[in-house]
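No hydrogens, no waters, no symmetry mates; every other heavy atom, side chains included, goes into these values. Residues: numbered from 1 along the sequence shown.
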Amino acid sequence: MTSPSKLNRTSRPRLRRAYGLSISSELELPELLESDDSNTAADVQIRYGSISRWPKEIEDTRNGIWSEGNQICHYFKDVGAFLVEDGCRITIDPEGDVAEGVLRLSLLGPVMALVLHQRGRFIVHASAVSVEGEAIGFIGAHAWGKSTIATAFHRRGHGLISDDVLAIELRDESCYVCPSFPQLKVWPDAVASLGTDVEALPRVHPEFEKRAIQFKSFDHQSQVLRKLYVLDRVDTAPQIMDLTPSAMIGELIKHWYGARYGIEFLRAQSWKSHFQICAEIATKAAGARLCRPSDLEALDATVDLVVSDLCE
């Protein structure tokens, strides 16, 4: 464990916002915008501390997790352990001389997804943008272009909602997407294809090539989820094929963010409830398969196709 005194712990944490939540953190979170109301009590409190129970079994990924009752502890090799409790408290127990940027990468991704899971949100491995005041999401596996497409939409004037971690909230007759924070993580070739200087952007991790694109403005209002596009590859021009609700249920199960946490986490889930939530989302929001070429020169054509599809 790294002593908290070696880290830049804030004396008076500033209130930040993400996923519709106010967040107070001893770890500086510059990726998040400050809350407009500093007098509001924090929905989530993040602090440094000692975690007595770290995961015993480390998986092939060299990460580990345990889940019990209202507590989930996630360990990352060479980073440290994060204890999430009741969807409102996170304790960070760093390992070695880990950099704060590395801590933030884990915290704002998989750890925050656990907070949202405990608060009843359904988390999908996807990115989302706003088109005409409604949310559309792009679902896909690692390196399938979720962030790249979101960046292309943003350059065309559409607002960013979320990158990589898509939180869906069920309300009455609709699904709503909770906006995350104003940052996209994009591979260098995609950055270059969009006309941006790669070297001018910071790396998301010292050992990763992905770059962080940050924006100064961001809308924290939840938006109705209109459609989810499941990404696929094609060698020809981009094309869209609508999916039936039953087919969409399978895609939501496949790309549920929680699947990445491993068997110990999965054993603690109620699969009947999980299936019911997937079915409800598939019924309330349209689904389609978006097949696109890997050639980045086809990005504009892909954006045009999706916009045209939404107008039908």
Side-chain angles (χ1 to χ4, degrees), residues 18-21 23 31 44 55 59-61 63-67 71-76 79 82-85 87 90 104-129 135-150 160-170 175-181 183-185 204-205 210 222-223 225 227-231 248-271 273-282 284-285 287:
Y19 297 103
L21 304 171
I23 301 171
E31 296 87 348
V44 180
E59 302 170 358
D60 293 339
T61 57
N63 298 333
I65 196 168
W66 61 257
S67 177
Q71 296 183 320
I72 303 174
C73 183
H74 199 340
Y75 166 74
F76 301 86
V79 178
F82 298 78
L83 179 64
V84 181
E85 302 175 274
I90 301 174
R104 290 199 299 271
L105 186 62
S106 296
L107 174 68
L108 296 177
V111 176
M112 187 56 65
L114 289 172
V115 171
L116 295 165
H117 170 76
Q118 288 187 335
R119 299 183 75 96
R121 309 295 192 268
F122 185 85
I123 315 301
V124 187
H125 199 192
S127 295
V129 296
I136 60 170
F138 302 101
I139 300 176
H142 176 68
W144 274 65
K146 302 181 296 297
S147 300
T148 300
I149 292 179
L160 170 69
I161 296 178
S162 189
D163 181 35
D164 201 49
V165 177
L166 180 61
I168 300 174
E169 182 180 7
L170 296 170
C175 301
Y176 284 79
V177 173
C178 308
S180 57
F181 51 94
Q183 175 177 280
L184 281 160
K185 302 186 294 292
V204 300
H205 186 286
K210 262 192 172 183
S222 295
Q223 297 188 30
L225 175 61
K227 197 162 189 175
L228 288 169
Y229 293 92
V230 182
L231 298 182
M248 198 62 211
I249 290 172
E251 295 293 346
L252 288 169
I253 292 174
K254 177 181 178 181
H255 295 286
W256 176 53
Y257 198 91
R260 67 182 292 163
Y261 296 123
I263 192 64
E264 291 302 319
F265 178 80
L266 295 175
R267 286 172 179 165
Q269 307 309 307
S270 169
W271 287 104
S273 174
H274 184 70
F275 182 86
Q276 290 174 337
I277 293 172
C278 290
E280 191 170 352
I281 294 172
K284 292 180 176 179

Practice task
Taking all heavy atoms of Y19 and all of A167, pick out the closest pair and write down the distance.
Solution key: CD2-CB, 4.1 Å
Practice task
Just do the side-chain contact (heavy atoms from CB on, under 4.5 Å) check on I249 and K254 with the steps written out, would you?
Solution key: CA-CA 9 Å; I249 290 172; K254 177 181 178 181; over 6 Å; no
Practice task
Keeping the roles fixed (side chain from R121, backbone from I168), state whether a donor-acceptor pair exists under 3.5 Å.
Solution key: no
Handout entry: N/O donor-acceptor pair under 3.5 Å between K146 side chain and F138 backbone
Key = no
Exercise for the section: Assess the pair H125 and Y257: is the distance between their ring centroids shorter than 6.0 Å? Expected result: yes
Handout entry: Separation of L108 CG from F181 CZ (nearest 0.5 Å)
Key = 4.5 Å
Handout entry: L252/L228 under side-chain contact (heavy atoms from CB on, under 4.5 Å): CA gap, chis, key distance, verdict
Key = CA-CA 10 Å; L252 288 169; L228 288 169; 3.9 Å; yes
Practice task
Keeping the roles fixed (side chain from R260, backbone from G258), state whether a donor-acceptor pair exists under 3.5 Å.
Solution key: no
Exercise for the section: State yes or no: are the ring centers of W256 and H274 separated by less than 6.0 Å? Expected result: yes
Handout entry: Set of residues satisfying side-chain hydrogen bond (donor to acceptor under 3.5 Å, both in side chains) with respect to Y229, sequence neighbours excluded
Key = D309
Problem - Test log, rule side-chain contact (heavy atoms from CB on, under 4.5 Å), inputs F76 and V111 - result: CA-CA 10 Å; F76 301 86; V111 176; 3.8 Å; yes
Problem - Sequence-distant partners of Q118, side-chain hydrogen bond (donor to acceptor under 3.5 Å, both in side chains), two or more places apart - result: none
Practice task
Answer yes or no: is there a donor N or O on one side and an acceptor on the other, between the side chain of D163 and the main chain of K185, under 3.5 Å?
Solution key: yes
Practice task
Go through F122 and C278 one step at a time and tell me if the side-chain contact (heavy atoms from CB on, under 4.5 Å) criterion holds.
Solution key: CA-CA 8 Å; F122 185 85; C278 290; 3.6 Å; yes
Exercise for the section: Indicate the atoms forming the closest heavy-atom contact of V115 with G87, along with that distance. Expected result: CG1-O, 3.4 Å
Handout entry: Candidate pair Q183 and E31, rule side-chain hydrogen bond (donor to acceptor under 3.5 Å, both in side chains), full reasoning
Key = CA-CA 7 Å; Q183 175 177 280; E31 296 87 348; 5.2 Å; no
Handout entry: S127 side-chain N/O to D164 backbone N/O, donor-acceptor pair under 3.5 Å
Key = yes
Practice task
Check the angle between the aromatic planes of F265 and Y261 and answer parallel, tilted or perpendicular using the 30° and 60° thresholds.
Solution key: perpendicular
Exercise for the section: Could you tell me whether a side-chain N or O of S180 sits under 3.5 Å from a main-chain N or O of I161, the two making a donor and an acceptor? Expected result: yes
Problem - Straight-line distance of M248 CE to I281 CD1, nearest 0.5 Å - result: 9.0 Å
